[in-house]
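I have placed the structure first, in the form of structure tokens, so that the comments after it can refer back to it.
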Amino acid sequence: MCGIVGFTGSQKAAPLLLDGLKKLEYRGYDSAGIATLGEDGIHMEKAAGKIKNLDGKIQGGETLPGLSGVGHTRWATHGAPTDVNAHPHLSNDGKFALVHNGIVENYVALREELMAKGFQFKSETDTEVVVNLLELYYDGDMKDAVLKTVARLEGAYALGVLCREERGRVITARQAAPIILGVGKGENYFASDVTALVAHTKDVIYLDDGEIADLTPDGITIYDTSGKVLEKTVERVTWDVAAAEKGGYEHFMLKEIMEQPAALRSTIEPRIQNGEIVLDQFSLTDADLKKINKIMITACGSAFYAGSVGKYVIEELCRIPVEADLASELRYRNPLVDEHTLLVVVSQSGETADTIAAMKECKARGARVLAIVNVVGSTIARLADDVIYTWAGPEIAVATTKGYTTQVAVMDMLAVYMARRLGRLEDAVYHQMVEELLRLPELVQRSIEINPALQSLAEKYHSHNDIFFIGRNLDYAACLEGSLKLKEISYLHSEAYAAGELKHGTIALIERDRPVIALACCEVLLDKMLSNIQEVKARGAEVLAVVLEGEEKIVHEADDVILIPKTHPLLNSVAEVVPLQLFAYYMAKSNGCDIDKPKNLAKSVTVE
Ligand code: AGP
């Protein structure tokens, strides 16, 4: 996903912008560029590939003069990742430089209109129509030119605008793509997310859709699309730069796997007071809750798999029908949703386009929306009726780990909390589950410590392709996440199958030495899983079983074993996934993959 940064103040802008872009690298990109305003006009440099290519061209920012500027990391949507298509883009008359995150859906019509007016285009991007609209509408007031320009745009945009005639000013505008303002002393910033700002200021303002911000070194003025000045709250970021650094680990992903006990403690403990789950952020009254006749869970990728866990647990405890649906499917299937539907939206970034669209679709049909989000102030957090934050801290690796397990933990807490309020959980069971929820951090730590052979296991399997993950019930949901982790960072093909489905066709693919990872932590279905393991072994598969500590039956049947510490049967999913994360990590490491920034992937997919 693209990232944008902007600065104006009394320091040289280019080095600060370059540093901001480096903090946004984790979002995924394939080119980068910076434009600054010097005494003699706009200076610009851009480069395809990694930021080090840009860094080399501008010598750390030294070759670009000026105290204000904009920067961009591009994740190609329209046009290949080339120097020409990289942002910033200049208007024909050279007065404006522009960076853009998002997609202008009506750019073809706008491009034709501008070409009819004599404008010329150098790149294949949709962005170039925006910078030339700025030229078209500029009559001496930069803010008015931006207002007139954004009024013509359809689709998603986060813009950063620099104007040759307006020294010391940068303007940013947002519609369905995040922008956060950094409030400094004698300097001001904007960026696509807080990680690019927190080294300079912890005072931030979250811009909302349809707003533009006019920044000078002395202050920030925010307008709505009609040009009316808005008052916005300055909020304080609670974490610091170190949280967004590697802390001595080789990869962010490994750091974030190891941070999971702490992330779970931060997420769970503040919400359990004197043995009771307290979800202040959940404003449904008992009466409201009793009127809920369906719960929909929607998300994308790993967040959807966390939602799949939630489906099993919430339905089992609350006895309310629960549907888990991919957001990219839900948004287009004319869903049966009304005021008696509780929609649970799950997202680490809070900016995933399909998830936002599905959420808006269901909200428009009357659903009550509860968001489970990791990024404070993100679009999903701001659109929801209620938000339960996963206090996992910034997650930098593209492959989510602590984001996922804290989402599952919140789902588990929510299920127990709602069941209690619905009177569907006996006190003794409730208190036992609350105790087990509080133990999740130590269980995760133990699931790491009792599997010291994970790296050698991964090395044993690392050259295999077409690895099967099989499981039933909650184990099947864990299979989905385990398989995605492996695919997205090691590029090895694998698939997750409901174990009971194997005999309906897929078992035809089982042959000698085919690796099958069998998740068998669902005690009531253990005998069924034993049969499935025997079925695949009879056809030559090599079985790596994931079993609960002390479960001997399966161990004898498997070629290799991963042990999971025991807890309440409905709460296994958190500890169970951690060895699968490490297995995928070591497989990717054995294959020399770019673990934190896998090819073709972005940390948050803000485009469709
Ligand atoms: C998971 O490792 C991937 N990064 C991806 O599937 C991700 O979970 C998905 O894009 C949803 O992102 P979100 O949680 O930020 O909405």
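The model shown is predicted, which means the values in this text are computed figures rather than measured ones. Because only heavy atoms are used, hydrogens play no part in the values below, and waters and symmetry mates are left out as well, while side chains stay in. Order of listing sets the numbers, starting from 1, for every ligand and every atom in it.
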Q: Take Gln348 and Lys603 through the test side-chain contact (heavy atoms from CB on, under 4.5 Å) and record every step on the way to the result.
A: CA-CA 9 Å; Gln348 191 285 130; Lys603 180 58 182 170; 3.5 Å; yes
Q: Give the intermediate values and the outcome of side-chain contact (heavy atoms from CB on, under 4.5 Å) for residues Val194 and Val376.
A: CA-CA 10 Å; Val194 173; Val376 174; over 6 Å; no
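For atom 1 (C) of ligand 1, the candidate residues are Pro598, Ser302, Ala399; the nearest heavy-atom contact is made by Ser302.
Some N or O of Ser347 is nearer than 3.5 Å to an N or O of ligand 1, by distance alone. An N or O contact shorter than 3.5 Å is missing between Gln407 and ligand 1 by distance. Where the criterion is an N or O separation shorter than 3.5 Å, residue side chain and backbone included, Val605 fails it with respect to ligand 1. Taking any N or O of Ser349, backbone or side chain, at least one lies under 3.5 Å from an N or O belonging to ligand 1.
What sits closest to atom 12 (O) of ligand 1 on the protein, heavy atoms only, is Thr352 OG1, 3.5 Å. Closest to atom 9 (C) of ligand 1, if we only count protein heavy atoms, is Cys300 O, 3.7 Å. With hydrogens left out, the protein atom closest to atom 14 (O) of ligand 1 is Gln348 N, 2.7 Å, a heavy atom. With respect to atom 4 (N) of ligand 1, the closest heavy atom belonging to the protein is Val398 O, 2.7 Å. Glu488 OE2, 2.4 Å is the protein heavy atom nearest to atom 2 (O) of ligand 1.
The closest approach between Ser604 and ligand 1 stays at or above 4.0 Å for every heavy atom of the residue. Using 4.0 Å as the threshold, Glu351 has no heavy atom nearer than that to any atom of ligand 1. Note on ligand 1: Leu601 sits outside its first shell, no heavy atom being nearer than 4.0 Å.
Using a 4.0 Å cut-off between charged nitrogen and carboxylate oxygen, Lys311 and Glu315 count as a salt-bridge pair. Taking the charged nitrogens against the carboxylate oxygens, Arg365 and Asp338 have no contact shorter than 4.0 Å, which rules out a salt bridge.
Counting only heavy atoms from C-beta outward, the side chains of Val322 and Met296 never approach each other to under 4.5 Å. Contact of the Leu181 side chain with the Thr172 side chain is registered, since non-hydrogen atoms from C-beta on lie closer than 4.5 Å. The shortest distance between side-chain heavy atoms of Glu256 and Met258 does not fall below 4.5 Å. Residues Arg74 and His100 form no side-chain contact, since every pair of their non-hydrogen atoms from C-beta on lies 4.5 Å or further apart.
Within the listing of ligand 1, atoms 8 (O), 14 (O) sit less than 4.0 angstrom from a heavy atom of Ala303. Heavy-atom proximity to Leu484, at under 4.0 Å, picks out these atoms of ligand 1: 6 (O). Near Lys485, meaning under 4.0 Å from any of its heavy atoms, are these atoms of ligand 1: 1 (C), 2 (O).
When only modelled atom types and interatomic distance are considered, Gln445 and Glu449 share a side-chain donor-acceptor pair under 3.5 Å. Remark: the Asn451 side chain and the Arg446 side chain contain no N/O donor-acceptor pair separated by less than 3.5 Å.
Judged by the 6.0 Å and 45° rule, Lys232 forms no cation-pi pair with Tyr206.
The backbone and the side chain of Thr400 each have at least one atom closer than 4.0 Å to an atom of ligand 1 (non-hydrogen atoms only).
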